[in-house]
Engineer: 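Shown below is the structure under consideration.
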Amino acid sequence: MPRILDGNRVRDEIKSELKPRVQALTALGSPPGLAVVLVGHDPGSEIYVRNKIKACHDLGIYSEAITPPDSITTEELLAIVADLSTRPEIDGILVQLPLPAQIDTKRILMAVPPAKDVDGFHPCNVGALVAGLPAPRACTPAGIIQLLKRGGIPIAGQRAVVVGRSDIVGKPAAMLLLHEHATVTICHSKTADLKSVCREADILVAAIGRAAMITGEYIREGATVIDVGTNRVSDRAEAARIFRGSEAKLASFDQRGSLTVGDVDPVDVVERAGAYTPVPGGVGPLTIAMLMTNTVAAAERRAGLL
Ligand code: NAP
């Protein structure tokens, strides 16, 4: 049986390491503070934001949710970001994506000061990532590195293949793996013979957004497989195909009407991989843990501790 890289365990480990750092900042009179801007009422985004606020609460990080209506203009949202930028008790500003169509998302993300950009999306922080300089790192990719390192998976000298080249997952994940001295290949929808490229990977990262696309033919025997995908499957026949043989999963589908599925086939990965991240409970919990890490580090920089 392959090893399961347990995201909930690693998240708890990281949170328990953050607690004394938060306490030290609070003792200095400057607890870390995170502002989350949630435009409108997208149900998925509301759940993410609730979980982020709860994580702050658990750690003793000050948090604030700003919830403008989805009719807000780019100028009005820029004014909210500008106000948060000047407030000294706010170390991190997170604008929950996606934003409504009328909003110029790039302008909003550019308006967050790099020091408060706890998502690591600002071009200055992307540049710092490429240059290997200290700065907030994109949370999901940073979480992947934590899962590998804390799971005892060697990275240096290993062949890593990242499927997906988005600015928020694929590209930064590839860059972080490169900094850890992996030999990295980035794949995307135009990659020729994707299966063969993936089969070369000692570490295979799937960040695609397609339910169970990475089947056994993509996985080298014994590889470490990191599944970033979170896809909702609401077709019962598709769920039955993906979770073939799992009565419990199908019972859960029948109860809820849908299931969350990664980008990796959950049956094949158990047969082929040496270690893998489950969905849910793999990469997902790390994203919030790394957001907390970035917020605490921003507060430490403000307090002159870093
Ligand atoms: P994205 O912006 O849609 O990027 C998807 C990438 O996959 C693109 O680079 C695309 O290639 C590539 N791709 C699509 N179809 C492909 C195919 N058939 N073969 C090869 N490559 C293909 O998605 P994202 O934001 O990176 O997110 C990826 C997944 O991770 C989603 O399921 C998302 O929900 C999940 N996610 C999870 C977390 C978490 O905390 N667990 C965080 C962020 C995202 P092109 O560039 O050529 O179009």
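In each ligand, atom 1 is the first atom listed, and ligand 1 is the first ligand listed.
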Engineer: Taking 4.0 angstrom as the limit and counting only heavy atoms of G164, give me the atoms of ligand 1 inside it, by number and element.
Structural biologist: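 By the 4.0 Å cutoff, the relevant atoms are 6 (C), 7 (O), 9 (O).
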Engineer: Are a donor atom and an acceptor atom from the side chains of E75 and T73 found within less than 3.5 Å of each other?
Structural biologist: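 No.
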Engineer: Any nitrogen or oxygen of K190, main chain or side chain, under 3.5 Å from a nitrogen or oxygen of ligand 1?
Structural biologist: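 Min N/O separation from ligand 1 is not below 3.5 Å for K190.
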Engineer: For P2 and V270, work out which heavy atoms get closest and say how close.
Structural biologist: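 Between these two residues, the closest heavy atoms are CD-O, 3.2 Å.
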Engineer: For the side-chain contact (heavy atoms from CB on, under 4.5 Å) test, which of V269, T277, V261 pairs with D227?
Structural biologist: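 Going through the options one by one, the only one that passes is T277.
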Engineer: Just to confirm my output: which protein heavy-atom neighbour is closest to atom 8 (C) of ligand 1, and how far is it?
Structural biologist: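 Here the nearest protein heavy atom works out to R165 N, 4.0 Å.
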Engineer: Examine the proximity of ligand 1 to L194 and report which part, side chain or backbone, both or neither, has a heavy atom under 4.0 Å away.
Structural biologist: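 L194 to ligand 1: side-chain contact only, backbone stays beyond 4.0 Å.
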Engineer: I need the nearest protein heavy-atom contact for atom 20 (C) of ligand 1: residue, atom name and distance, please.
Structural biologist: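 Of every protein heavy atom, H188 O, 3.2 Å lies nearest to atom 20 (C) of ligand 1.
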Engineer: Which atoms of ligand 1 are found less than 4.0 Å from any heavy atom of V169?
Structural biologist: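 By the 4.0 Å cutoff, the relevant atoms are 26 (O), 43 (C), 44 (C).
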Engineer: Would you mind listing which atoms of ligand 1 come within a distance below 4.0 Å of any non-hydrogen atom of R210?
Structural biologist: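 With R210 as reference, the close atoms of ligand 1 come out as 14 (C), 15 (N), 16 (C), 18 (N).
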Engineer: Please state which protein non-hydrogen atom is closest to atom 29 (C) of ligand 1 and give its distance, to 0.1 Å?
Structural biologist: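 Here the closest protein heavy atom is G209 N, 3.7 Å.
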Engineer: Any nitrogen or oxygen of D263 lying under 3.5 Å from a nitrogen or oxygen in ligand 1? Just yes or no.
Structural biologist: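 N/O-N/O distance under 3.5 Å: no.
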Engineer: At a 4.0 Å threshold, what atoms of ligand 1 neighbour a non-hydrogen atom of I168?
Structural biologist: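 Within the 4.0 Å cut-off of I168, ligand 1 contributes 25 (O).
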Engineer: Do K116 side-chain atoms and S85 backbone N/O form a donor-acceptor pair below 3.5 Å?
Structural biologist: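 A pair under 3.5 Å: yes.
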Engineer: Return the residue, atom name and 0.1 Å-rounded distance of the protein heavy atom closest to atom 33 (C) of ligand 1.
Structural biologist: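 Protein heavy atom at minimum distance: T230 OG1, 3.8 Å.
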Engineer: Do K19 and D58 meet the salt-bridge criterion of a basic N to acidic O distance under 4.0 Å?
Structural biologist: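 No, D58 and K19 are not salt-bridged.
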Engineer: Where the side chain of S166 meets the backbone of V169, is there a donor-acceptor pair that is under 3.5 Å apart?
Structural biologist: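 It does hold such a pair.
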Engineer: For atom 26 (O) of ligand 1, what's the nearest protein heavy-atom neighbour? Residue, atom name and distance, please.
Structural biologist: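 The closest heavy atom on the protein side is S166 OG, 2.5 Å.
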Engineer: Going by the closest heavy atom to atom 48 (O) of ligand 1, which one wins out of S189, C187, P141?
Structural biologist: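 That would be S189.
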Engineer: May I ask you to say whether D268 pairs ionically with R244, meaning some side-chain N is under 4.0 Å from a carboxylate O?
Structural biologist: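 Answer for the salt bridge query: yes.
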Engineer: Of all heavy-atom pairs between G262 and N231, which one has the smallest distance, and what is that distance?
Structural biologist: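 Scanning both residues, the minimum pair turns out to be O-ND2, 3.1 Å.
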Engineer: With respect to V36, which candidate in T67, L94, I93 satisfies the side-chain contact (heavy atoms from CB on, under 4.5 Å) definition?
Structural biologist: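 Only one of T67, L94, I93 forms a side-chain contact (heavy atoms from CB on, under 4.5 Å) with V36, namely L94.
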Engineer: Tell me, do I214 and I208 make a side-chain contact under 4.5 Å, heavy atoms counted?
Structural biologist: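 They are in contact (side-chain heavy atoms under 4.5 Å apart), so the answer is yes.
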Engineer: Nearest protein heavy atom to atom 18 (N) of ligand 1, by residue and atom, and its distance?
Structural biologist: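 Protein heavy atom at minimum distance: M213 SD, 3.6 Å.
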Engineer: Would A207 count as a contact residue for ligand 1, given that I'm defining contact as a non-hydrogen atom of the residue lying under 4.0 Å from a ligand atom?
Structural biologist: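 A207: in contact with ligand 1 (<4.0 Å).
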Engineer: Check each of N231, T277, V228, T287 against atom 36 (N) of ligand 1 and report the one with the nearest heavy atom.
Structural biologist: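 That would be V228.
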Engineer: Does the distance from a Lys or Arg side-chain N to an Asp or Glu carboxylate O, for R9 and E13, drop under 4.0 Å?
Structural biologist: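 Looking at E13 together with R9, the answer is yes, because their closest N to O distance falls below 4.0 Å.
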Engineer: Counting heavy atoms only, which of D167, I208, T191, T140 is nearest atom 22 (C) of ligand 1?
Structural biologist: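 Answer by nearest heavy atom: I208.
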